[in-house]
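A short worksheet on the structure shown next.
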Amino acid sequence: MKNKKSFIQGALCGALAILLIAGLMSCGLKAHSKEKIASGASGKLGTLRQLIDQTYMGDVDEEDLKEGIYKGYISGLHDPYSVYYDEEETKAMIETTEGEYDGIGAVLSKDINTGVVTLVRIYEGSPAMEAGLMDNDILYKVEDFEVTGKDLSEVVSHIKGEKGTEVQLTVYRGDDSEEVTVTAVRNTIQAETVAHRMLDGGIGYISVSEFDLVTYDQYEQALADLENQGMKGLVVDLRNNPGGNLSTVCEMLDLMLPEGLIVYTKDKDGNKDEERSDDARQFNLPLAVLMNGYSASASEIYAGAIQDYGTGTIVGTQSYGKGVVQQIFDLKDGTSVKLTIAEYFTPKGRNIHGKGITPDVEVEYEENEANPEADNQLEKAIEVIKGQM
C-alpha cells in the first residue's frame with residue numbers, strides 16, 4: 001500500500017508540560033492567557049489541598065490525587081475520545097490493540113450520547129460465555145464500579161486482570177431490563193476478530209468484530225480460504241464493530257479496492273494525509289457489507305470506501321458516525337494520553353462525523369422468536385449478492 005502511515009502509533013511526548021500547553025492550545029486559548037490560567041489553577045489547587053489536609057476525614061492516596069488532576073485536565077477538553085490513561089489503563093489498552101490479553105472475552109461498545117456500555121459480542125467458549133453473559137447485555141457494574149459514561153478503556157481495565165482471578169459483572173438484559181449478576185474467571189484471550197464460513201450458493205461470509213493488529217492477517221487468511229473453496233460472492237459483516245486501528249482497516253481495504261485513494265485525514269492546521277491502495281490486489285466478486293448503529297470509526301472507513309467506489313452494496317441501518325482520528329502519546333512514565341488529532345474523509349470527500357453512513361439497502365434487524373438463528377439483515381445481503389451473480 002502506498003504512503004502507509006499509522007495514526008495510532010504511540011508517538012512520544014517529551015514532557016507533561018508540553019502536553020498541557022498543547023491541550024490549552026487545542027481549547028483555542030490565546031498564548032498570553034496561559035500563564036494566568038496556570039497560576040490560577042496552581043493557587044486553587046493549593047487551597048484545595050489545604051482544605052483536604054485540614055478537614056477531610058477520609059484516607060488520602062497521593063497517587064490517586066495526582067492521577068485525578070491529569071484525568072480532569074484532559075476531560076476539560078469535553079471530547080469523549082480524548083482520555084488520560086494511568087499506568088494500569090495504558091497496559092490494558094496496549095494489550096487490547098495487540099490482540100492478546102487476560103480477560104473474559106467480550107467486545108464492548110459505548111453510546112456516545114447516553115454513555116451506556118453494551119456487550120455487543122461474547123466470544124464462543126470464553127469466560128464471559130461460561131459465566132452466562134450474552135450479546136447485547138447492558139453493562140451496569142464491574143464489581144462496585146459503575147460503568148455508564150466512563151471511557152471504554154477505563155471499563156476494560158476493570159474487567160481485565162490476572163488469569164485465574166474472578167470478576168463480578170452486573171448487566172441489564174432484555175426489554176424488561178432484568179438485572180443479572182455473574183462471576184467470570186479471567187483467562188488468556190486471543191482476540192478472534194475475524195470469523196468466516198461458506199454459505200449456501202457459494203457465498204462467503206466474513207465477520208469482523210474489531211480492527212486490531214491481528215485482524216489483517218486473520219482477514220487475509222479468511223479471504224484466501226473462501227477463494228480456495230470457490231467463493232462466488234462475499235458478505236462482510238461489520239455490525240457491532242466499534243472500530244480500531246486505522247492502518248489495519250486501510251491494509252484490509254487494499255485487498256478489496258482498485259488503485260486509488262482509500263481515506264484521507266486533515267489535522268487542526270489543515271494538513272492532509274492520504275492512505276492509498278495499489279493495483280496489486282482487488283476484489284471483483286459481488287460484495288455486500290453489513291452495518292448497524294454500533295458500526296463505528298474504522299468500520300465506517302471500510303464501508304465508506306466500498307460505497308464510494310461502488311464495488312459493493314452497504315446493507316443494514318445507519319452507522320454510528322465517528323469521523324475523527326485519535327493518536328496515543330506515550331508520557332514516558334508508563335502513562336499515556338489519547339487525543340483527537342484529525343478528522344477523516346471518505347474517497348469522495350465525505351465527513352461522516354455525527355451523521356454516519358446511510359446504507360444502500362436499508363433494513364432493520366427483526367428478532368425472530370420462533371427461530372433465534374434467523375437473521376433478516378444477512379438474508380437481505382445474500383439476496384443482494386445473488387441478484388448480482
Side-chain angles (χ1 to χ4, degrees), residues 1-13 19 22-23 25-28 74-75 77-85 89-90 93-94 96-98 108-112 151-153 156 193 208 210-213 215-216 238 241-254 257 260-277 291 294-308 319-331 336-357:
M1 184 171 61
K2 298 178 181 177
N3 196 26
K4 177 176 174 293
K5 179 179 179 183
S6 173
F7 286 88
I8 306 180
Q9 55 193 354
L12 299 180
C13 181
L19 170 65
M25 289 296 286
S26 69
C27 289
I74 298 303
S75 71
L77 296 173
H78 302 295
D79 175 11
Y81 306 114
S82 293
V83 184
Y84 169 83
Y85 299 121
E89 292 163 350
T90 296
M93 175 192 56
I94 293 171
T96 300
T97 58
E98 288 178 346
L108 280 62
S109 180
K110 186 181 82 169
D111 188 302
I112 202 64
D151 180 72
L152 273 185
S153 296
V156 168
T193 61
V208 184
E210 52 196 302
F211 294 91
D212 295 336
L213 296 180
T215 305
Y216 172 78
L238 300 181
N241 183 321
N245 190 288
L246 176 62
S247 290
T248 297
V249 68
C250 289
E251 289 172 347
M252 291 164 63
L253 283 166
D254 192 28
L257 298 176
L261 182 64
I262 296 175
V263 66
Y264 68 91
T265 64
K266 284 185 178 179
D267 65 16
K268 62 188 296 183
D269 297 319
N271 297 315
K272 183 177 178 180
D273 269 299
E274 295 184 347
E275 295 283 346
R276 306 187 67 86
S277 59
M291 67 179 193
Y294 291 112
S295 304
S297 192
S299 294
E300 295 171 297
I301 289 175
Y302 187 106
I306 294 295
Q307 190 175 57
D308 278 6
S319 65
Y320 186 84
K322 180 177 181 289
V324 289
V325 178
Q326 286 69 47
Q327 183 170 343
I328 307 299
F329 295 86
D330 180 1
L331 300 180
S336 61
V337 64
K338 179 175 69 175
L339 295 175
T340 299
I341 54 103
E343 54 185 354
Y344 72 77
F345 299 81
T346 69
K348 288 188 176 180
R350 292 184 292 160
N351 181 292
I352 55 85
H353 194 62
K355 296 174 285 189
I357 290 175

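Being a predicted model, the structure only gives us computed values, none of them experimental. Along the sequence shown, the residues carry numbers beginning at 1.
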For the residue pair [X] and [Y], what are the closest heavy atoms and their distance?
X    : Y    : answer
N351 : E343 : ND2-OE1, 3.2 Å
P347 : L261 : CG-O, 3.5 Å
A305 : I262 : CB-O, 3.9 Å
A296 : Y320 : CB-CB, 3.6 Å
L238 : S299 : CD1-O, 3.7 Å
A298 : G244 : CB-N, 3.9 Å

[atom1]-[atom2] distance between [X] and [Y], expressed to the nearest 0.5 angstrom:
X    : Y    : atom1 : atom2 : answer
T215 : E210 : OG1   : CD    : 6.5 Å
D254 : S247 : CG    : OG    : 12.0 Å
I328 : M93  : CD1   : CE    : 4.5 Å
E274 : Y264 : CD    : OH    : 8.5 Å
R350 : D308 : CZ    : CG    : 4.0 Å
N241 : F211 : CG    : CZ    : 4.5 Å

Is the shortest side-chain heavy-atom distance between [X] and [Y] below 4.5 Å?
X    : Y    : result
V324 : Y344 : no
V249 : Y216 : no
L253 : I301 : yes

Check: D212 main-chain N/O paired with T248 side-chain donor or acceptor under 3.5 Å: yes
side-chain contact (heavy atoms from CB on, under 4.5 Å) assessment of V208 paired with Y302: CA-CA 11 Å; V208 184; Y302 187 106; over 6 Å; no
CZ/F345: more than 12 non-hydrogen atoms of other groups inside 6.0 Å: yes
Test item: side-chain donor near acceptor, D273 and T265, under 3.5 Å: no
Pair S295-S319, side-chain hydrogen bond (donor to acceptor under 3.5 Å, both in side chains): steps then yes or no: CA-CA 5 Å; S295 304; S319 65; over 6 Å; no
Geometric cation-pi criterion K322 and Y81, 6.0 Å radius, 45° cone: yes
Audit row: T340, D79, side-chain hydrogen bond (donor to acceptor under 3.5 Å, both in side chains) steps and yes/no: CA-CA 8 Å; T340 299; D79 175 11; 2.5 Å; yes
side-chain contact (heavy atoms from CB on, under 4.5 Å) between L257 and I306, worked out: CA-CA 8 Å; L257 298 176; I306 294 295; 3.8 Å; yes
Full working for side-chain contact (heavy atoms from CB on, under 4.5 Å) between V263 and T346: CA-CA 5 Å; V263 66; T346 69; over 6 Å; no
Stepwise side-chain contact (heavy atoms from CB on, under 4.5 Å) check, Q307 with I357: CA-CA 9 Å; Q307 190 175 57; I357 290 175; 3.5 Å; yes
